[in-house]
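One structure is given here, and the rest of the page talks about it.
So you know, we letter chains A, B, ... as the sequences are listed, proteins then strands, and number each from 1. Any value given below was found using the heavy atoms of this structure, including those in side chains, with hydrogens, waters and symmetry copies removed.
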2 protein chains.
Amino acid sequence: MAMSEQTSKHTQVLIIEDQHLMRLALIHELQAALPASIVHGAANITIALDLLESQQFDLVVIDPGLPGYDPKSQDDRFDVVQVVIELSPDAIHFVVTGSDTEEEWEHCQKLGVVGYLAKNNIRPGALVDVLQEVAERGYSVRLSNETTAPPEFYHSGLTPREQEILGWMRQRPSGISRKEIYEQLGERFDIDAASAEKYYKRARAKLLKTGLLPKGL
Amino acid sequence: MAMSEQTSKHTQVLIIEDQHLMRLALIHELQAALPASIVHGAANITIALDLLESQQFDLVVIDPGLPGYDPKSQDDRFDVVQVVIELSPDAIHFVVTGSDTEEEWEHCQKLGVVGYLAKNNIRPGALVDVLQEVAERGYSVRLSNETTAPPEFYHSGLTPREQEILGWMRQRPSGISRKEIYEQLGERFDIDAASAEKYYKRARAKLLKTGLLPKGL
DNA sequence: AAAAATAGGGACAAAGCTGTCCCTATTTTG
DNA sequence: CAAAATAGGGACAGCTTTGTCCCTATTTTT
């Protein structure tokens, strides 16, 4: 019988978050940010504690606003964080919350948390930057931040690439030519600028065919 | 110049939610639930009001916990909902919140809301049921609910189908054979039970190759 | 012991997405 | 006006995912 290789080369990640869609989104983000990782999800503290006792993790992401704890009680919130940290002393710990405060971050930091992220300040792809910042500076904080992002527009007939390119193009500041955007996108996605242009054009064509495309073209 | 067809056959949906990942997840869910829909996202109330003034919507989903409003103030939360409803009187309105209460639902109902959903009670695919319930009964309420879901396990090498099938299989109650699960899955996804079996096996093989698969096989 | 379930594969067609290259008009900008 | 940018496509190779069908051992139930 082969020995079970508990010490695999994969990064083990645990997400503790009770909101299903948010947990799935975080899992998705973490997988994208750490391609060789295995990501576990726990919808409540009971499952989380089971997992923490059964194996080691390299990174644990905690939402302290779990059911069974009084969301208005700071003590309850810190309790969750503290217990998790005690059970995974070698891991890196992030806190993700929908109601962030400067004071809570400071308290969490004393408990050993190195990442403190407001849910409304986590954009797709942002965790890459957070992880890098933690690696460089030892911590990363993103408090709540009212965004001025443009409205989004999702049409079921578009492929992910087309959605993505279109999203970027719609944020084009005035004075910047489309061509420049194509080049930026080419660099960002590591594709040809011409391909980015192609995607944009196809997306546009699809929207025209169905009869409506957003104002900013 | 062709006349712009404002009255297209597509269902127009608007999601007002400040948490980016949650907004994207909701957009995704809505597109899956309403395949012929065009879904718009607004990260704050300003964008939302712009959109509401510029066009009509058939369904508006509101998270009243937006920045700029005191999350502890019930009045502020209701204000958001009320303003949105006044600007889209012909639409159906859902409220999605991370801090739900029975009282808030009752108040929202008086304002015209027909769907009241706690964020921790929205699972992937659940909006289909919510929409159907609204169509049949006129309203749908899903208050906060502590789940007893099993731990989740996501491995980057698996395809979405494999992840999905594996997730279902891991919830198999004792006394139910795998074969029965295959049949349920076949029905649910409208594929052959044999295909479901194939996916499970391939997922299992991949996990074995990389050295670790979760306890429950 | 016979029947059913399970593990662990192979082969393959259809479809969709990605990415590249190339083309011609028309419009905008310097 | 000349040059650059833009609109609006066609063709195509490569890849992954999906879904179906088929196969042989081994284990578990009955």
Side-chain angles (χ1 to χ4, degrees), chain A residues 1-2 4 28 31-32 35 154-170 172-217, chain B residues 1-2 4 28 31-32 35 154-170 172-217:
Chain A
M1 200 176 296
S4 136
H28 204 244
Q31 282 197 339
Y154 292 85
H155 189 281
S156 41
L158 303 183
T159 71
R161 255 295 186 268
E162 288 163 358
Q163 284 287 2
E164 197 158 28
I165 300 283
L166 200 63
W168 283 92
M169 186 55 74
R170 295 183 62 243
R172 176 172 65 113
S174 65
I176 304 288
S177 72
R178 294 192 192 279
K179 201 172 193 182
E180 289 175 84
I181 302 285
Y182 296 143
E183 275 154 25
Q184 285 177 33
L185 292 175
E187 211 169 306
R188 167 169 269 265
F189 298 121
D190 198 32
I191 59 174
D192 249 44
S195 296
E197 186 176 357
K198 183 68 190 147
Y199 291 135
Y200 172 71
K201 287 180 177 177
R202 224 171 38 201
R204 201 172 189 285
K206 285 184 184 176
L207 293 181
L208 273 176
K209 224 172 272 174
T210 61
L212 94 164
L213 75 174
K215 298 175 208 168
L217 278 206
Chain B
M1 203 176 295
S4 137
H28 204 243
Q31 282 198 340
Y154 292 85
H155 189 281
S156 38
L158 302 183
T159 71
R161 254 295 185 268
E162 288 163 357
Q163 284 286 4
E164 196 158 28
I165 300 283
L166 200 63
W168 283 91
M169 186 54 76
R170 296 182 62 241
R172 175 172 64 114
S174 64
I176 305 289
S177 71
R178 296 192 190 279
K179 202 171 191 182
E180 289 175 84
I181 303 285
Y182 296 143
E183 275 154 25
Q184 284 178 33
L185 292 174
E187 210 170 308
R188 167 169 269 266
F189 298 123
D190 198 33
I191 59 175
D192 249 43
S195 297
E197 185 177 356
K198 182 70 190 146
Y199 292 135
Y200 171 71
K201 288 179 177 177
R202 231 181 21 212
R204 202 173 189 282
K206 285 185 185 175
L207 292 180
L208 273 175
K209 225 172 271 174
T210 63
L212 95 163
L213 75 174
K215 299 175 208 166
L217 277 206

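When the P atom of dA5(C) is taken as reference, atom OH of Y182(B) falls 12 Å away, rounded to whole Å. Taking atom CG on L207(A) and atom P on dG8(D), their separation rounds to 12 Å, with Å as the unit. Counting to the nearest Å, the P atom of dT20(D) and the CD1 atom of I191(B) are 6 Å from each other. Between the CD atom of E197(B) and the P atom of dG9(C) there is a distance of 14 Å, rounded to whole Å. Distance Y200(B) OH to dG8(C) C1': 12 Å, rounded to the nearest Å. Nucleotide dC17(C) holds its C1' atom 9 Å from the NZ atom of K206(A), rounded to whole Å. Atom-to-atom, CD1 of I165(A) to P of dT6(D) comes out at 15 Å; the value is rounded to the nearest Å. Atoms CD (E183(B)) and P (dT6(C)) sit 10 Å apart, rounded to a whole Å.
Donor-acceptor pairing under 3.5 Å, judged by distance alone, is absent between the side chain of K209(A) and the base of dG8(D). With hydrogens and angles left out, the side chain of K201(B) and the base of dG8(C) share a donor-acceptor pair within 3.5 Å. Between the base of dG9(C) and the side chain of K198(B) there is a donor-acceptor pair shorter than 3.5 Å.
With dT18(D), dC21(C), dT18(C) as the choices, the nucleotide that has an atom nearest any side-chain atom of P160(B) turns out to be dT18(D).
A donor-acceptor pair under 3.5 Å is absent between the side-chain atoms of E187(B) and the main chain of Q184(B), judged by distance alone. Side chain of R172(B) to main chain of I176(B): a donor-acceptor pair is present (N/O by atom type, distance under 3.5 Å, no hydrogens or angles). In this structure, the side chain of E183(A) does not engage the main chain of D192(A) through any donor-acceptor pair within 3.5 Å. Judged by distance alone, the side chain of K206(B) and the main-chain N or O of L158(B) form no donor-acceptor pair under 3.5 Å. Remark: the backbone N or O of T159(B) is paired with a side-chain donor or acceptor of E162(B) at under 3.5 angstrom.
For the OP1/OP2 pair of dG9(C) and a distance below 4.0 Å, the side-chain nitrogens and oxygens of R202(B) include no atom meeting the criterion. For dA7(C), the OP1/OP2 oxygens have a side-chain nitrogen or oxygen of R178(B) closer than 4.0 Å. For the OP1/OP2 pair of dA5(D) and a distance below 4.0 Å, the side-chain nitrogens and oxygens of K179(A) include at least one atom meeting the criterion. For the pair S177(A) and dA4(D), the criterion of a side-chain N or O lying under 4.0 Å from OP1 or OP2 is not met. Applying the 4.0 Å criterion to OP1 and OP2 of dT18(C), one finds that Y199(A) has every side-chain N and O outside that range. A close approach under 4.0 Å does occur between a side-chain nitrogen or oxygen of R204(B) and OP1 or OP2 of dG8(C). Contact check, S195(B) against dT20(D): a side-chain N or O comes under 4.0 Å of OP1 or OP2.
Interatomic distance, Y154(A) OH to Q31(B) CD, rounded to the nearest 0.5 Å: 8.5 Å.
For the helix from dA1(C)-dT30(D) to dG30(C)-dC1(D), the angle separating the two terminal helix axes comes to 40°, with each axis derived from five pairs and the value rounded to 10°.
When all heavy atoms of A203(B) and L166(B) are compared, the closest pair comes out as CB-CD1, 4.2 Å.
Note on ring orientation: taking the six-membered ring where Trp is involved, the planes of F189(B) and W168(B) are perpendicular (angle over 60°, cut-offs 30° and 60°).
Residues A194(A) and L158(A) each lie close to DNA chain C; by heavy-atom proximity, the contact nearer the 5' end of the strand is made by L158(A).
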